[in-house]
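Single-structure report; data block below.
Proteins come first, then strands; the chains are lettered A, B, ... in the order of their sequence lines, and each starts at number 1.
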2 protein chains.
Amino acid sequence: MPTMKDVARRAGVSVSTVSRVISGSDRISAATKERVRAAMKELGFHPNAIARSLASKTAGTIGLVVSRSPENAFANSFFPEVIRGIGSVLSKHGYYLLLIMTDDPEVERAQTLAALRSRRVDGAIITSSRVSDTLFRHLVDEKQKFVLIGRVLDDLPVSYVDNDNVKVGYMATRHLIEAGYRRIAMISGDPQYIVSLDRIEGYKKAISEAGMEFRKEYLVNAGFTREAAEEACQKLLALDQPPDAIFAADDTMASGAVRAILKSGLRIPEDVGVIGVNDDPLASMMRPALSTVRIPVFELGVWAARILMDLLSDGETVPRQMVLPGTLVVRESSSTRGLFSA
Amino acid sequence: MPTMKDVARRAGVSVSTVSRVISGSDRISAATKERVRAAMKELGFHPNAIARSLASKTAGTIGLVVSRSPENAFANSFFPEVIRGIGSVLSKHGYYLLLIMTDDPEVERAQTLAALRSRRVDGAIITSSRVSDTLFRHLVDEKQKFVLIGRVLDDLPVSYVDNDNVKVGYMATRHLIEAGYRRIAMISGDPQYIVSLDRIEGYKKAISEAGMEFRKEYLVNAGFTREAAEEACQKLLALDQPPDAIFAADDTMASGAVRAILKSGLRIPEDVGVIGVNDDPLASMMRPALSTVRIPVFELGVWAARILMDLLSDGETVPRQMVLPGTLVVRESSSTRGLFSA
DNA sequence: CTGTTAGCGCTTTCAC
DNA sequence: GTGAAAGCGCTAACAG
């Protein structure tokens with residue numbers, strides 16, 4: 001492979017001149033610029049990114065850590081959407097994306113640290129936030145640049161972009177109440193994730209605000225899988241006073257609940273209302289079409305990337321935090337109850 | 001950040017010695033090894049990956065090019081599954097994954113070439129194969145290392161891993177025939193992708209093999225989207241002699257067909273049978289549950305990565321090509337027709 | 001506007 | 001077993 005040296009020789013200039021035309025310096029005569037360009041072309045020269053990185057001390061790459069945890073369930077479209085958002089920003093800045101994704105949380109953690117410490121990446125976007133995780137503290141201590149999609153419980157100075165999950169839970173529950181349902185249960189996700197806790201909080205808030213009583217038997221955990229949700233829903237329906245509406249913490253779980261309800265011979269939304277969260281493609285394809293709270297995943301990616309870019313360029317040091325709202329999407333699984341009971 | 005030089009000074013050895021303990025050379029006394037390790041720890045030293053790459057002339061990273069084309073529709077699980085497969089192999093070899101994914105095919109192409117030429121990646125796995133694409137020819141000419149998931153039409157010497165799409169089309173169609181359907185239509189994907197052509201070929205083969213007549217009005221193109229498939233299916237149902245079964249080139253399109261059929265008041269599978277391809281999560285969640293041909297996406301990723309590793313290590317030069325079979329998965333949307341007509 | 005000269009941090013002969 | 005020295009290919013002062 002030809003190097004800058006070869007190009008320089010061929011064009012009859014020095015390597016710094018070649019370097020300058022590559023980086024688009026302005027103080028270069030049009031003539032030499034042309035000559036160098038020609039030489040590069042003739043030799044089929046392409047600058048070596050590794051050498052550039054070493055000399056310029058920037059990798060030009062940022063890491064994306066995607067937990068394969070059920071939190072970002074792969075049946076839904078979180079993953080491609082968030083990448084699309086991130087990519088739309090990074091490509092403008094000429095950054096590449098290094099993907100860190102593994103089945104093993106320990107390996108994930110190790111690889112994230114390694115990539116950052118070895119300066120293989122200039123910064124990272126991390127998409128998981130467990131309740132107890134010391135990774136962030138380490139990263140902060142080491143002054144690594146990163147942005148979290150999610151949030152932290154303690155007051156660590158980290159930048160993050162989150163959707164307002166308390167509000168998401170509130171909106172979903174509130175909608176069911178307004179639609180006329182009165183015994184509203186929640187099928188929650190794995191409580192080791194902050195997102196789960198937040199949505200539960202929103203659920204409770206809406207319940208109490210409506211003057212309803214919070215029943216602990218109406219709050220069940222199904223760990224973000226469809227099967228667990230179906231089972232959990234069966235149990236709910238078998239209660240002495242079964243719920244007349246289900247708020248599932250995501251659409252996949254909602255689909256499990258729908259299945260349990262239909263199997264038991266009840267109708268949706270007449271007998272039982274259902275609402276999920278995410279608005280993944282599944283939601284609109286289901287029958288009945290699923291009401292849900294849409295999460296702006298693409299936007300989460302965009303903002304995470306923007307904030308990281310700022311962190312990297314400005315040397316900005318105060319953490320920035322953003323919270324994006326969800327949107328209620330009413331479909332068949334909940335909308336008409338009001339009509340029936342009214 | 002401390003460098004090897006700092007470690008060397010602290011341990012009272014030379015940099016080459018430090019380098020040796022890092023790379024795990026054996027001709028190092030246990031004592032110095034210990035001393036160096038201690039020094040690294042005390043200083044919080046982590047080797048700089050970029051510098052290593054420059055000196056060793058390997059990036060330690062491979063590129064994954066994912067077309068956001070409808071071919072790998074994002075409603076389905078192709079993307080995460082193939083990455084999971086690739087990752088399971090790469091992590092064993094200590095390689096990282098650089099993700100190249102953009103909305104614009106031209107940008108995608110440019111970035112792929114740039115990453116390879118700049119030696120930012122040692123090789124690439126490419127997941128799209130359009131009928132007319134000169135990218136592969138360029139890559140071959142430049143002796144770049146890459147593996148294709150898909151296949152090429154001409155006899156370019158490229159390594160690839162593909163699923164046997166002719167057979168996939170054949171199996172799906174054949175199943176419908178055996179289930180008792182007699183007027184079988186196909187809703188095909190975008191014909192600019194080789195995968196589409198192959199599945200059509202399989203469809204035709206099964207039709208003619210069964211002594212049925214191929215009707216061109218039964219073969220329609222719906223470009224891999226659900227909406228287009230729904231519309232296409234409506235038109236099929238409006239024919240003078242409407243089909244009694246639909247083979248859709250993927251599950252997403254099949255879901256569109258299902259919708260059109262149910263809307264028209266027909267029953268599935270009694271009046272019309274439906275089968276898709278992929279077996280993404282959607283298929284089992286739909287009602288009626290969708291029959292489909294499962295594609296071994298994880299395995300495609302595994303093999304692509306394995307072959308690429310061989311290409312990179314052995315300096316292997318003869319292209320390797322693999323074809324993986326699909327599996328028929330019979331569910332509610334097609335299984336019982338035989339019983340009715342029998 | 002362009003060339004000279006040091007590095008960037010690590011690997012790798014080649015000696016001893 | 002360990003060290004010295006020469007790069008890997010590029011960037012970035014500093015001169016001029």
Sequence-aligned protein contact record of nucleotides 10-16 of chain D, with B where the base is within under 4.0 Å of a protein heavy atom and S where only the sugar-phosphate is: BBBBB--
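Within the nucleic acid shown, A/L54 comes within 4.0 Å of at least one base atom, counting heavy atoms only.
A donor-acceptor contact shorter than 3.5 Å is absent between the side chain of B/T58 and the backbone of B/S53. Not a single donor-acceptor pair under 3.5 Å links the side chain of A/N163 to the backbone N or O of A/N165.
Looking at A/S19 and A/S16, their side chains never bring a donor and an acceptor atom within 3.5 Å of each other. A/T61 and B/R120 share a side-chain donor-acceptor pair at under 3.5 Å.
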Could you list the donor-acceptor pairs under 3.5 angstrom formed by side chains in residues 295-308 of chain A, with sequence neighbours left out?
none

Only distances under 3.5 Å count here; give the side-chain donor-acceptor pairs of residues 87-101 of chain B to other protein atoms, sequence neighbours excluded, each with its distance to 0.1 Å.
| from | atom 1 | to | atom 2 | distance (Å) |
| --- | --- | --- | --- | --- |
| B/S88 | OG | B/G85 | O | 2.7 |
| B/S91 | OG | B/G87 | O | 3.1 |

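With rounding to the nearest 0.5 Å, the separation of CD1 in B/I149 from OG in B/S159 is 12.5 Å.
Helix-axis bend for the helix from C/dC1-D/dG16 to C/dC16-D/dG1: the local axis fitted to the five terminal pairs at one end deviates from that at the other end by 30°, rounded to 10°.
Close approach of DNA chain C to chain A, defined as any atom under 4.0 Å from a non-hydrogen atom of the protein, starts and stops at C/dC1 to C/dG9.
Across A/I126 and A/F146, no two heavy atoms sit closer than the pair CD1-CD1, 4.0 Å.
Here the P atom of nucleotide D/dG9 and the CZ atom of B/R117 are 18 Å apart, to the nearest Å. In this structure, A/R9 atom CZ and D/dG9 atom C1' are separated by 13 Å, rounded to whole Å.
Residues that satisfy the side-chain contact (heavy atoms from CB on, under 4.5 Å) test with A/H46, not counting sequence neighbours, are B/R117.
With A/V147 as the partner, the side-chain contact (heavy atoms from CB on, under 4.5 Å) test is satisfied by one option alone out of A/T127, A/I86, A/V161: A/V161.
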